[in-house]
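First the structure, in the form of structure tokens, and then the observations on it.
Quick note: residue numbers are just sequence positions, from 1.
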Amino acid sequence: GVTHILSISGSHLGLVAVLSFWLFRNILFLLPERTYHRITLSLDPRKAAAIATAVPVAFYALLAGAEVATMRSLIMILIGLSALVLDREHRLLPALALAALITLLPDPQALFDISFQLSYLSVAAILFVVSTGNLIDRGTDRWYIRLAQSGAMLLAVSVATAVVTGPLVALYFHQISFIGVVANMVVVPFAGAVVVPLGLLSGILSPFLGTLPLAGPVQWAADFFVSQVTFFAGLPGAMAHLRAPGMLFVAAYAAMIAAAAVSLRAWLLRKYRPLDAPGRVPEIARWTLALSTLLLLAVLLVPLFRLPRTRVTFLDVGQGDCALVETAGGCRILIDGGGTRENRFDPGLRVAAPYLWERGVGTIDLAVLSHPHPDHMNGLTSLIRTFPVREVWASGLDTDLEGYGSFSDAVVKKCVPFRSVRAGQAAQIKDAVIEVLHPPQDFPQRVRKAYAAENDRSLVLRIRSSTVTYLFAGDIHGEAEGALLSGGSTLGADVIKVPHHGSKTSSTPAFISAVHPSVAVIFVGEGNLYRHPSEETVRRYREAGVAVYRTDQDGAVIARETAEGIDMCTGADLLLERIDGWRPGRWGTTERKNWKRLWIREWEI
């Protein structure tokens with residue numbers, strides 16, 4: 001979470017501004033005394049340096065590409081320089097507010113950009129701490145006291161930014177860094193004082209020298225920076241993953257922090273500046289702090305009284321499989337993890353892991369690999385490396401396929417018990433009964449094409465909860481379906497994960513009839529090269545009276561058990577609808593729908 005300081009944004013522009021200001025101010029001191037005095041009669045040297053600094057800062061921002069984050073930093077710096085010229089440098093918070101307003105005028109949607117939110121919130125926290133510290137600073141000539149005060153200020157700034165931005169980091173990244181308060185006090189100054197200046201100096205000199213000077217020191221500084229981050233990240237308890245806070249929590253937290261800040265500032269001023277400060281904390285701050293704290297406690301406690309119920313989430317991982325089974329008794333089963341053949345995008349880490357954190361899944365009771373094809377296995381490998389897993393199931397077949405070595409290494413390094421399972425085996429984990437229906441030990445393989453044969457050797461699982469049965473059919477084709485039918489297995493299920501992404505070689509009429517599901521879910525990527533699912537296959541299910549859901553059209557599909565049966569919900573149903581500015585008559589309707597979706601996402605899903 002600290003590598004952003006190497007980007008061309010606030011850190012670089014801030015450094016350019018500081019160096020330019022220092023340079024222009026010292027150039028004035030080098031002028032002849034008479035010239036210097038003539039200039040200072042009409043203009044403060046600091047103001048002259050501030051005006052001159054605006055030119056290289058603006059030039060550098062444009063040279064860097066004028067990206068949104070860079071221009072936002074430029075606006076903030078120019079506002080700060082203008083405040084100095086206008087003798088308003090101590091009105092830091094109004095200057096920040098003006099910078100935010102200028103940023104939002106051309107693009108109001110930037111308000112919902114995470115970089116905008118984190119930038120302005122963190123700077124606001126820094127300004128609050130610095131301005132409060134300046135007000136209560138009594139001044140001293142003792143160097144060790146000044147050093148202690150500087151250290152206390154640095155710690156206060158680090159704590160304040162972590163406290164203020166914590167909920168947003170949790171909301172967007174599902175994690176909180178406990179070590180960040182300490183790490184920022186070491187890593188950020190090193191990057192600002194060593195890494196960035198060396199890199200900038202090397203870049204500035206390179207056009208004149210025809211090569212990249214200082215390459216060795218720059219490489220050393222960058223490597224040392226990464227080693228610092230790695231060290232802090234590797235400390236026990238450095239970071240925790242958690243579910244994203246809801247809107248009500250964020251609103252209550254913001255009110256609590258604002259009220260606490262006002263109360264703390266009033267208390268400090270009354271203690272250190274009693275003649276200049278009011279006698280008591282503002283009444284509105286007291287009430288806001290009390291009510292927001294109670295609301296936060298209510299938001300945290302209400303979920304504890306919900307009745308748990310079984311649900312299965314079919315995650316949208318593109319052209320691949322990944323399903324999470326959560327039972328009312330607390331069992332967590334993960335079947336496959338998605339993946340891509342080129343491994344350029346990891347749906348395990350980018351899609352499945354955030355969802356598991358969002359659901360509060362700390363430990364996976366059982367991870368199942370249906371078969372070692374990349375669209376099922378690669379993401380699961382990452383998830384095994386990321387989450388504690390109590391047991392892993394696989395068929396133990398086709399272990400020579402590419403990528404299986406990485407999967408096996410992840411299982412071994414995490415010391416996860418591994419079990420090769422075949423048809424006829426079963427287990428009960430908490431309140432979930434899991435039956436392995438395929439492949440049998442002596443499955444006769446007639447398919448000649450290797451890829452199709454590997455698909456036909458997929459694990460087929462039947463999972464029963466208290467009221468609903470789910471069938472996960474891997475990527476089997478017609479041959480494996482025929483073996484299941486002739487083998488006498490009980491295939492009946494309420495919900496089926498459609499075999500092989502709904503291909504035309506799977507889901508034969510006899511197989512659909514034997515399963516007799518009420519809901520069918522197809523894992524499929526939008527615009528996939530295989531033209532999955534087959535229209536014929538989809539039609540077979542619908543003609544059998546089965547409700548068909550597709551992850552390419554519906555997004556994630558959630559099957560929840562209720563007293564009445566199965567309640568289905570999709571990601572597409574919960575997407576917020578953009579309000580059409582040209583149709584005012586529909587604003588209210590759209591807004592009500594959006595609030596209802598937010599309520600479902602917050603409290604029901």
Side-chain angles (χ1 to χ4, degrees), residues 5 7-106 115-116 119-135 137 139 146 150 153-154 157 161 188-189 191-193 196-197 199-201 203-204:
I5 63 179
S7 66
I8 302 176
S9 57
S11 297
H12 284 204
L13 285 179
L15 182 63
V16 170
V18 169
L19 292 178
S20 299
F21 185 86
W22 177 84
L23 181 63
F24 288 129
R25 190 177 181 185
N26 284 277
I27 286 176
L28 289 175
F29 290 139
L30 297 177
L31 295 175
E33 186 175 355
R34 183 172 300 178
T35 305
Y36 176 79
H37 284 299
R38 188 179 300 116
I39 293 175
T40 56
L41 286 175
S42 57
L43 189 62
D44 186 333
R46 295 172 67 249
K47 295 181 180 181
I51 294 172
T53 298
V55 177
V57 169
F59 174 75
Y60 185 82
L62 296 174
L63 186 67
E67 297 292 337
V68 175
T70 306
M71 296 308 294
R72 182 165 57 248
S73 301
L74 173 64
I75 292 171
M76 295 172 73
I77 290 172
L78 292 180
I79 291 291
L81 293 173
S82 301
L84 193 153
V85 172
L86 298 173
D87 294 320
R88 294 291 187 272
E89 65 265 35
H90 296 299
R91 304 294 300 275
L92 297 176
L93 290 176
L96 179 66
L98 179 60
L101 178 63
I102 294 174
T103 303
L104 292 173
L105 280 175
S115 61
F116 176 93
S119 294
Y120 281 99
L121 275 178
S122 58
V123 172
I126 293 170
L127 294 184
F128 176 82
V129 172
V130 171
S131 61
T132 303
N134 290 338
L135 284 174
D137 184 17
R146 292 200 306 270
S150 298
M153 180 68 74
L154 184 60
V157 164
T161 53
V188 174
V196 175
L200 283 176
L201 181 60
I204 292 171

Taking all non-hydrogen atoms of both residues into account, name the closest pair between [X] and [Y] and its distance.
{"X": "L13", "Y": "L74", "answer": "CD1-N, 3.7 Å"}
{"X": "A17", "Y": "T53", "answer": "O-CG2, 3.5 Å"}
{"X": "S115", "Y": "S119", "answer": "O-OG, 2.6 Å"}

[X] [atom1] to [Y] [atom2] distance, which is reported to the nearest 0.5 Å:
{"X": "I51", "Y": "S82", "atom1": "CD1", "atom2": "OG", "value": "9.0 Å"}
{"X": "L121", "Y": "I126", "atom1": "CG", "atom2": "CD1", "value": "11.0 Å"}
{"X": "L98", "Y": "M76", "atom1": "CG", "atom2": "CE", "value": "11.5 Å"}
{"X": "K47", "Y": "D87", "atom1": "NZ", "atom2": "CG", "value": "3.5 Å"}
{"X": "R88", "Y": "I79", "atom1": "CZ", "atom2": "CD1", "value": "13.5 Å"}
{"X": "F21", "Y": "N26", "atom1": "CZ", "atom2": "CG", "value": "10.0 Å"}

Test V129 against every option in T161, V157, L154 by the side chain to side chain contact (heavy atoms under 4.5 Å, CB included) rule and name the one that passes.
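Of the listed options, the one satisfying the test is V157.
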Is it true that Y120 and T103 share a donor-acceptor pair across their side chains at a distance under 3.5 Å?
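Indeed, the side chains of T103 and Y120 share at least one donor-acceptor pair under 3.5 Å.
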Do the side chains of P56 and F24 get nearer than 4.5 Å, heavy atoms only?
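Yes. Closest side-chain heavy atoms under 4.5 Å.
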pair P32-T35: side-chain heavy atoms closer than 4.5 Å
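SC-SC contact between P32 and T35 confirmed.
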